[in-house]
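Numbering starts at 1 and runs along the sequence shown.
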Amino acid sequence: MIATSTFSVALANEAATSDLMADLALLIGAGDVVTLSGDLGAGKTAAARALIRYLADDATLEVPSPTFTLAQSYELPSFALVHADLYRINDASELEEIGLSPLPDDTVALIEWPERAPEAMPDDRIDIAFSHRPALGSTARAAEITGHGKAAAKVARLEALRQFLERAGFLTARRERMPGDASTRSYARLRTEDGSVILMNSPRRPDGAAIYNGRSYSAAVHLAEDVTPFVAIGNGLRKHGFSAPAIRHTDLDAGFLITEDFGNDGVIEGDPPQPIAERYEAATDMLAALHRETLPDTLPVTPETSYDIPVFDIDAWLIEIGLMLEWYLPERGVEPSEELRAEFLGMWRGLLEKPAAAARTWVIRDFHSPNIIWLAERTGILRVGIIDFQDAVLGPAAYDVVSLLQDARLDVPEQLELQLLTRYIKARRATDDSFDPAEFAELYAIMSAQRNTRLLGTFARLNRRDGKPQYLRHQPRIWTYLNRSLAHPALAAFRAWYEANVPPPLP
C-alpha cells in the first residue's frame, strides 16, 4: 500500500497561494513531481506561476499557461523545471510526444490536469487540489495537499513548516527566495511590517550512506545532521562577543529556525568578485580575537540539554581527503590502485600528527565570503557577521585562517593572502609571547593542503552524486591554492607525489 499524507489550507487570496507555493519550494528538488488539480479557474495556473517565479527569484518572469504548447521548460537556479498542462491530452500515450513519458528524473515536473492521464502519474508525487470558496470571497480558494509514496514525507514536512510559521507569527509574512548552499538546508527571508527575519529549513538527515565504519560521511567528519549545533555554537559566539544571528524561534525536533536577518552586504565586490581589503582585514582580526579566547568544549542548548563540540581529528581529516580518491581522481580518468590509496593515506596520516597535536580552538570550518555578512552599523570585529557555523569543531586555529584567505569561491590574490596572514600573526603575537610564527606558517600550509585536497573531491562529488556541476568551476582555483601550500618545505614530498599522481582539473 502506497503511503499518503494529506492536509488542507484555506487561501484567502493570491498572496496566500504564493506563500504556500514558496513554502513548497523550500522542500522540493530535481526528480519531484507536483500535480495541480481542480476545476477551470480554480487557481492551478496561478499557483504554478507563483512557484516558478519564486524559484526563479523573478516576480516579473513571464509564465504563460501551457494549455496550447502543452509543456514549457525553465532553467532555474537550483534545477530545471517543466510546466505541463494535460487539458488537451486524450490519451496517456501522447505524453511521450511532449517529453513527459517517462518523466525526467533530473527535473521538477509541475503538471496541471493530471486527471487527464492518471495512469501516467508516478506513485511518488505531491498533488495539490484547488477548489473555489466563494463564501469567503471572490478570490478565496482551498487547497488539499496530498503526498503519495515517498513524497508523503515532504507533505508532512510542509504541514509542519506552516504550523511552525503560524506559531511564530510569520505565516502571512512575504517570502523572498534565498540561495541555498551545498547542504540539504534551505532558506527564505520573511518580511513583515516590523522588518525581516531568516527562515532556516534544516531536515535531520545524514550526508551519505553508513559506509565509514558504520557511520555516514557527515557523522564521520563531524558535520551537523540537525539544527542543535547551530543553536549551541551561535549562542556561544554571541556570548563571547562575536556577531552571530540571534535566534528568535526554534523547533529543534523538526529542524526549523527563525533567526535575525543580517542583510546582504558582503565582504566582496565587483564582477568577477574580489575581496574588499578592509573587510577581509576585519575578518582576519575577528579570527585572531576568537583564537585568543579560552573557549568551552561543551555548550548549553536548552536548560536541560547541552552540546559537546566534536574534535577535528586525524580520522576525520583522512576521510575528508579520501574524497579525492573516491571522486576527483575517477572524474579525471584515474582509478587509484589499493597500493596508491595506501601510500596516499599513509603519507597524510603522518603529516596530520602535527596539527592534531596543536592547541585547539573553535574551528568554524567554512569561514569564507559566502558566509560572512558585513554589519556596517556595528564597530570593530562586531562588523563581521558569521552565518554558517553549525559544523564547528575543536581543532587548530590555522584551519579557519586558510578558509578565509584561500576562499574557495573567489580568487584571493597571493599578495593579499600574505598580507592578511602577516596581520593575523602580528595580532596573535601582540597578546601571546609563546605564539610561534614559523610553526603557525607550517600548520597553515598543512591545513591548506588538507582542505583543498578535500575540496577537489567534494566538488567532484557535488557534480557526480548531487547533480550540481556549478561547483566544478571552482576546481582550478582550488588547484592553485593547493599548489601554493605544497610549496612549503614541510610538504616537499607531497608536492612530488601530487605531481606524479594527481591530474590538474579541467580549465
Would you say that [X] contacts [Y] through its side chain, given a criterion of any heavy-atom pair below 4.5 Å between the two side chains?
{"X": "Glu293", "Y": "Phe242", "value": "yes"}
{"X": "Glu331", "Y": "Asn463", "value": "yes"}
{"X": "Leu421", "Y": "Val401", "value": "yes"}
{"X": "Ile52", "Y": "Leu110", "value": "yes"}
{"X": "Asp285", "Y": "Arg423", "value": "yes"}
{"X": "Trp362", "Y": "Pro296", "value": "yes"}
{"X": "Val197", "Y": "Thr259", "value": "no"}
{"X": "Tyr74", "Y": "Val108", "value": "no"}

Check: Taking only residues two or more places apart in sequence, or in another chain, which ones meet Asp391 in a side chain to side chain contact (heavy atoms under 4.5 Å, CB included)?
Finding: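 Side chain to side chain contact (heavy atoms under 4.5 Å, CB included) list for Asp391, sorted by chain: Leu223, Ala224, Arg365.
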Donor-acceptor pair, [X] side chain versus [Y] backbone, under 3.5 Å?
{"X": "Asn371", "Y": "His368", "value": "no"}
{"X": "Arg238", "Y": "Gly234", "value": "yes"}
{"X": "Gln475", "Y": "Leu506", "value": "no"}
{"X": "Lys154", "Y": "Leu27", "value": "yes"}
{"X": "Asp400", "Y": "Ser403", "value": "no"}
{"X": "Thr361", "Y": "Ala397", "value": "no"}

Next item on the list: Test Leu351 against Leu491 for side chain to side chain contact (heavy atoms under 4.5 Å, CB included), laying out the working first.
Entry: CA-CA 9 Å; Leu351 183 67; Leu491 294 166; 3.2 Å; yes
[atom2] on [Y] to [atom1] on [X], rounded to 0.5 Å:
{"X": "Phe79", "Y": "Leu76", "atom1": "CZ", "atom2": "CG", "result": "6.5 Å"}
{"X": "Asp366", "Y": "Ile386", "atom1": "CG", "atom2": "CD1", "result": "13.0 Å"}
{"X": "Ile478", "Y": "His474", "atom1": "CD1", "atom2": "NE2", "result": "8.0 Å"}
{"X": "Ser196", "Y": "Asp261", "atom1": "OG", "atom2": "CG", "result": "3.5 Å"}
{"X": "Ser78", "Y": "Arg177", "atom1": "OG", "atom2": "CZ", "result": "4.0 Å"}
{"X": "Leu158", "Y": "Ile126", "atom1": "CG", "atom2": "CD1", "result": "7.5 Å"}

Residues in salt bridge (charged side-chain N to carboxylate O under 4.0 Å, His left out) contact with [X], at least two apart in sequence or another chain:
{"X": "Glu176", "result": "Arg174, Arg191"}
{"X": "Arg378", "result": "Glu260"}
{"X": "Asp407", "result": "none"}

Indicate yes or no: does [X] engage [Y] in a salt bridge with an N to O separation below 4.0 Å.
{"X": "Asp432", "Y": "Arg292", "result": "no"}
{"X": "Glu320", "Y": "Arg451", "result": "no"}
{"X": "Asp58", "Y": "Arg53", "result": "no"}

Checklist line | Pairs meeting criterion side chain to side chain donor-acceptor pair (under 3.5 Å) with involvement of residues 199-211, two or more places apart | finding: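 For residues 199-211: Arg157-Asn201, Ser186-Asn201, Arg204-Asp226, Asp207-Arg461, Asp207-Arg465.
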Next item on the list: May I have the step-by-step check of side chain to side chain contact (heavy atoms under 4.5 Å, CB included) for Ile314 and Glu353, ending in yes or no?
Entry: CA-CA 7 Å; Ile314 290 178; Glu353 290 178 357; 4.1 Å; yes
Check: Does the side chain of Arg185 come under 3.5 Å of the side chain of Tyr187 through a donor N or O and an acceptor N or O?
Finding: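 Yes, because at least one side-chain N or O of Arg185 sits under 3.5 Å from a partner of the opposite role on Tyr187.
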Next item on the list: Evaluate the criterion side chain to side chain contact (heavy atoms under 4.5 Å, CB included) for residue pair Val311 and Val393; output intermediate values, then yes/no.
Entry: CA-CA 6 Å; Val311 175; Val393 286; over 6 Å; no
Under the ring pair (Phe, Tyr, Trp, His ring centres under 6.0 Å) rule, collect the residues that match up with [X], sequence neighbours excluded.
{"X": "Tyr444", "result": "none"}
{"X": "Phe435", "result": "Phe440"}
{"X": "Trp327", "result": "none"}
{"X": "His291", "result": "Tyr424"}

Could you pull out the closest heavy-atom pair between [X] and [Y], with the gap in Å?
{"X": "Arg473", "Y": "Pro476", "value": "O-CD, 3.5 Å"}
{"X": "Phe312", "Y": "Gly395", "value": "CB-CA, 4.3 Å"}
{"X": "Ala392", "Y": "Ile309", "value": "O-CG2, 3.7 Å"}
{"X": "Phe262", "Y": "Pro245", "value": "CZ-N, 3.5 Å"}
{"X": "Ala219", "Y": "Glu225", "value": "N-OE2, 3.2 Å"}

Could you pull out every donor-acceptor pair under 3.5 Å between side chains of residues 338-349 and any protein atom, sequence neighbours left out?
{"from": "Glu343", "atom 1": "OE1", "to": "Trp497", "atom 2": "NE1", "distance (Å)": "3.0"}
{"from": "Trp348", "atom 1": "NE1", "to": "Tyr498", "atom 2": "OH", "distance (Å)": "3.2"}

Checklist line | Derivation and outcome, side chain to side chain contact (heavy atoms under 4.5 Å, CB included), residues Asp308 and Asp297 | finding: CA-CA 6 Å; Asp308 295 326; Asp297 298 349; over 6 Å; no
Check: Should Glu417 and Arg484 be marked as a salt bridge (charged side-chain N to carboxylate O under 4.0 Å, His left out) after you check the CA-CA gap, both sets of side-chain angles, and the distance that decides it?
Finding: CA-CA 11 Å; Glu417 178 189 357; Arg484 283 185 198 173; 2.5 Å; yes
Report all side-chain donor-acceptor pairs from residues 268-279 shorter than 3.5 Å, counting only partners two or more places apart or in another chain.
{"from": "Glu278", "atom 1": "OE2", "to": "Arg383", "atom 2": "NH1", "distance (Å)": "3.4"}
{"from": "Arg279", "atom 1": "NH1", "to": "Asp265", "atom 2": "OD1", "distance (Å)": "3.0"}
{"from": "Arg279", "atom 1": "NH1", "to": "Gly266", "atom 2": "O", "distance (Å)": "2.6"}

Margin query: Before you tell me yes or no, could you show the steps for Arg189 and Asn264 under side-chain hydrogen bond (donor to acceptor under 3.5 Å, both in side chains), namely the whole-Å CA-CA distance, both residues' side-chain angles and the distance that decides it to 0.1 Å?
Written below: CA-CA 11 Å; Arg189 179 170 276 114; Asn264 295 315; 3.3 Å; yes
Margin query: Applying salt bridge (charged side-chain N to carboxylate O under 4.0 Å, His left out) as the test, list every pair that has at least one member in residues 494-507; sequence neighbours left out.
Written below: Arg495-Glu499
Notebook entry, point to check: Between Ser485 and Gln450, does a side-chain hydrogen bond (donor to acceptor under 3.5 Å, both in side chains) hold up when you go through it step by step?
Noted result: CA-CA 9 Å; Ser485 63; Gln450 189 276 339; over 6 Å; no
